[in-house]
S.K.: 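Here it is, the structure, as structure tokens.
As a basis for the values below, the full set of heavy atoms in this structure was taken, side chains included, without hydrogen atoms, waters or symmetry mates.
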Protein chains: 2
Amino acid sequence: MTATIQAPTVSPVAPTFLPLYRQIKALVLRGLEAGEWKPGEAIPSESELAARYRVSQGTVRKAIDELAAENLLVRRQGRGTFVATHGEPRQQFRFLRLAPDHGEPGPYASRTFECRRGRASAEAARMLELKPGDAVVAIRRVLLFGGEPIVLEDITLPGAVFKGLTAERLAEHEGASIYHLYETDFGTRMIRADEKLKAAAADPTAARLLGVAAGTPLLSVERVAFTYGDRPVEWRRGLYRTDRHHYTNALY
Amino acid sequence: MTATIQAPTVSPVAPTFLPLYRQIKALVLRGLEAGEWKPGEAIPSESELAARYRVSQGTVRKAIDELAAENLLVRRQGRGTFVATHGEPRQQFRFLRLAPDHGEPGPYASRTFECRRGRASAEAARMLELKPGDAVVAIRRVLLFGGEPIVLEDITLPGAVFKGLTAERLAEHEGASIYHLYETDFGTRMIRADEKLKAAAADPTAARLLGVAAGTPLLSVERVAFTYGDRPVEWRRGLYRTDRHHYTNALY
DNA sequence: TATCTTAAGTCTTATAAGAGACATAGGACA
DNA sequence: TGTCCTATGTCTCTTATAAGACTTAAGATA
């Protein structure tokens with residue numbers, strides 16, 4: 001059939017027809033983006049959405065299926081469908097791929113050295129799609145596992161989005177995922193991220209903060225994280241000690 | 001409904017009921033594993049499978065959906081559903097996550113230094129689920145991009161599976177993915193792989209083969225690749241030069 | 001007559017809708 | 001206080017129809 005919800009404008013070039021379930025998906029996505037339902041909350045039931053959009057429940061199901069596959073929604077049979085959040089334990093370390101070589105992961109902690117406001121460098125501006133000189137927030141911190149400093153991170157955020165972010169606010173939040181903080185305090189939910197990995201030698205500062213000799217090979221992890229609409233809202237560079245940990249990746 | 005294809009044996013403890021579409025999925029998977037349809041070939045149409053298994057076409061569809069999501073099958077509207085293969089260009093570098101920092105990837109080549117039969121070390125045996133001393137094939141090669149040596153790899157394979165593998169056979173196959181060779185010549189299709197990444201300093205041998213100074217930080221990538229039934233059939237360790245390339249990863 | 005074009009036919013997978021089964025949580029009730 | 005019932009979710013399965021991709025053959029054209 002290829003029905004459309006709103007009368008489509010005729011375009012001679014691009015395929016103007018989108019499957020019905022994808023149109024529904026786009027509408028739900030818009031609701032998510034607009035904050036109609038907050039992280040952790042339940043969205044309306046499938047039949048409710050079906051009634052709202054005048055389609056069958058099965059069509060809504062297929063739309064939600066895709067959003068759930070993208071980790072934007074979480075289904076719980078018999079309960080409902082919920083907006084995914086970085087708060088729940090299972091999502092806690094979704095973006096951290098570090099694992100100990102042997103044994104169980106030790107207790108996690110973070111220590112923030114610096115959290116200051118500044119101006120975007122050319123590189124930061126490029127990564128975050130800002131103009132050079134725009135306001136940014138710069139964070140430097142160390143992640144500890146089992147009491148040992150394992151990761152040194154420099155995080156750069158657009159100042160416009162993260163207005164009231166201070167070292168105190170970060171300290172209060174220690175132990176939990178920083179993405180949870182972004183979510184609860186700044187209404188910015190991270191959807192996906194791209195990482196680039198390289199090997200690098202520890203410079204004197206990194207060596208001191210991580211407790212290794214200068215020149216030690218470290219894993220350099222550069223990440224750009226995106227929110228709705230593929231808007232980049234975090235740029236970070238991490239240096240990982242890999243003497244007793246490793247970065248895990250599953251290939252399919 | 002929760003119908004079963006064969007009368008289920010009653011088990012008091014585990015959920016003996018599997019959704020119908022998962023039973024179908026298991027049956028198709030068994031056919032794939034048994035080589036009923038070879039890589040690149042089309043499997044029977046949805047309605048044909050539906051008739052064979054006495055279920056509706058939609059149920060077969062859902063089973064195939066999952067197998068396609070796992071990259072075991074490839075759907076082509078109007079044509080059929082095909083057994084995935086490492087031969088087609090798009091799948092060619094599915095497991096190689098290296099990308100140049102700038103510009104397009106240069107032409108690819110590989111140079112094999114060594115391909116000999118030997119006995120499994122304790123470590124190799126553990127990785128490949130063999131007994132120490134079992135026959136293995138050991139390959140050492142360098143991957144070149146744009147003429148430059150970028151990756152040094154040591155590959156270990158179970159000798160029982162890769163009986164006639166020789167340096168000549170490898171050389172004939174140069175330019176294409178080695179997984180394609182496994183598939184066509186040894187009937188072993190790689191399904192998925194686990195990787196562990198670390199940073200390491202180049203030892204003299206690696207430094208010479210990669211054309212860098214000894215001690216240069218390199219990305220160490222250890223991979224175990226699995227075929228059907230999660231059976232490990234390849235263990236490899238790669239050393240990547242990351243001065244002008246990086247390992248990319250997408251996080252969801 | 002030989003060749004190219006085009007339209008119909010017939011495969012395939014993709015989309016849509018609906019009915020019934022299963023899971024969960026909370027209130028009614030003994 | 002504990003158990004059962006029921007309302008309300010998602011999950012499973014089926015059926016029907018649409019859309020995409022080849023094949024074939026009729027017809028136009030040289």
S.K.: Below the 4.0 Å mark, does D/dG20 have OP1 or OP2 next to a side-chain nitrogen or oxygen of B/Arg76?
M.R.: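 No.
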S.K.: Specify the separation, in whole Å, of atom CD of B/Glu66 and atom P of D/dC11.
M.R.: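 Those two atoms, CD and P, are 12 Å apart.
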S.K.: When the ring planes of B/Phe145 and B/His245 are compared, do they come out parallel, tilted or perpendicular, using 30° and 60° as the limits?
M.R.: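 Judged by the thresholds at 30° and 60°, the geometry between B/Phe145 and B/His245 is tilted.
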S.K.: Hey, which of these two, A/Arg79 or A/Ser56, hits DNA chain C nearer its 5' end, going by closest nucleotide?
M.R.: A/Ser56
S.K.: Check whether any side-chain N or O of A/Glu66 sits under 3.5 Å from a backbone N or O of A/Lys25 as a donor-acceptor pair, and report yes or no.
M.R.: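 Answer holds: no.
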S.K.: Would you say B/Lys62 places a side-chain N or O within less than 4.0 Å of OP1 or OP2 belonging to D/dC13?
M.R.: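 No, because none of the side-chain N or O atoms of B/Lys62 sits under 4.0 Å from OP1 or OP2 of D/dC13.
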S.K.: Using modelled atom types and a 3.5 Å cut-off, is there a donor and acceptor pairing between side-chain atoms of B/Thr227 and backbone atoms of B/Arg189?
M.R.: yes
S.K.: Can you tell me how the ring of B/Tyr179 sits relative to the ring of B/Phe95, calling it parallel under 30°, perpendicular over 60° and tilted otherwise?
M.R.: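 The rings of B/Tyr179 and B/Phe95 stand perpendicular, inter-plane angle above 60°.
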S.K.: Counting any heavy atom closer than 4.0 Å, what does B/Gly80 reach on the DNA or RNA strands: base, sugar-phosphate only, or nothing?
M.R.: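 Result for B/Gly80 = sugar-phosphate.
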S.K.: Starting from C1' on D/dT8, measure out to CG on A/Leu49 and report it in whole angstrom.
M.R.: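 From A/Leu49 CG to D/dT8 C1': 14 Å.
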S.K.: Between D/dT10, C/dA14, C/dA16, which one does the side chain of A/Gln77 approach most closely?
M.R.: D/dT10
S.K.: Rounded to whole Å, please give me the gap between CD1 in A/Ile24 and C1' in C/dA17.
M.R.: 13 Å
S.K.: Rounded to whole Å, how long is the line connecting atom CD1 of B/Ile64 with atom P of C/dT13?
M.R.: 7 Å
S.K.: Write down the distance between CG (B/Leu20) and P (C/dG20), rounded to a whole number of angstrom.
M.R.: 18 Å
S.K.: So, does A/Thr81 get its side chain near the phosphate of D/dT10, meaning an N or O under 4.0 Å from OP1 or OP2?
M.R.: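 True: A/Thr81 side-chain N/O within range (under 4.0 Å) of D/dT10 OP1/OP2.
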S.K.: In whole Å, I'd like the distance from the CD atom of A/Gln57 to the P atom of D/dT8.
M.R.: 16 Å
S.K.: Within the structure, does a side-chain N or O atom of B/Thr59 lie under 4.0 Å from either OP1 or OP2 of D/dT12?
M.R.: no
S.K.: Whole-Å distance between C/dA23 P and A/Arg75 CZ?
M.R.: 16 Å
S.K.: Rounded to whole angstrom units, what separation is found between the CD atom of B/Glu46 and the P atom of C/dA14?
M.R.: 7 Å
S.K.: Once the angle between the rings of B/Tyr240 and B/Tyr247 is folded into 0 to 90°, is it parallel (under 30°), tilted (30 to 60°) or perpendicular (over 60°)?
M.R.: tilted
S.K.: For C/dA14, take OP1 and OP2 only and decide whether either is under 4.0 Å from a side-chain N or O of B/Arg61.
M.R.: yes
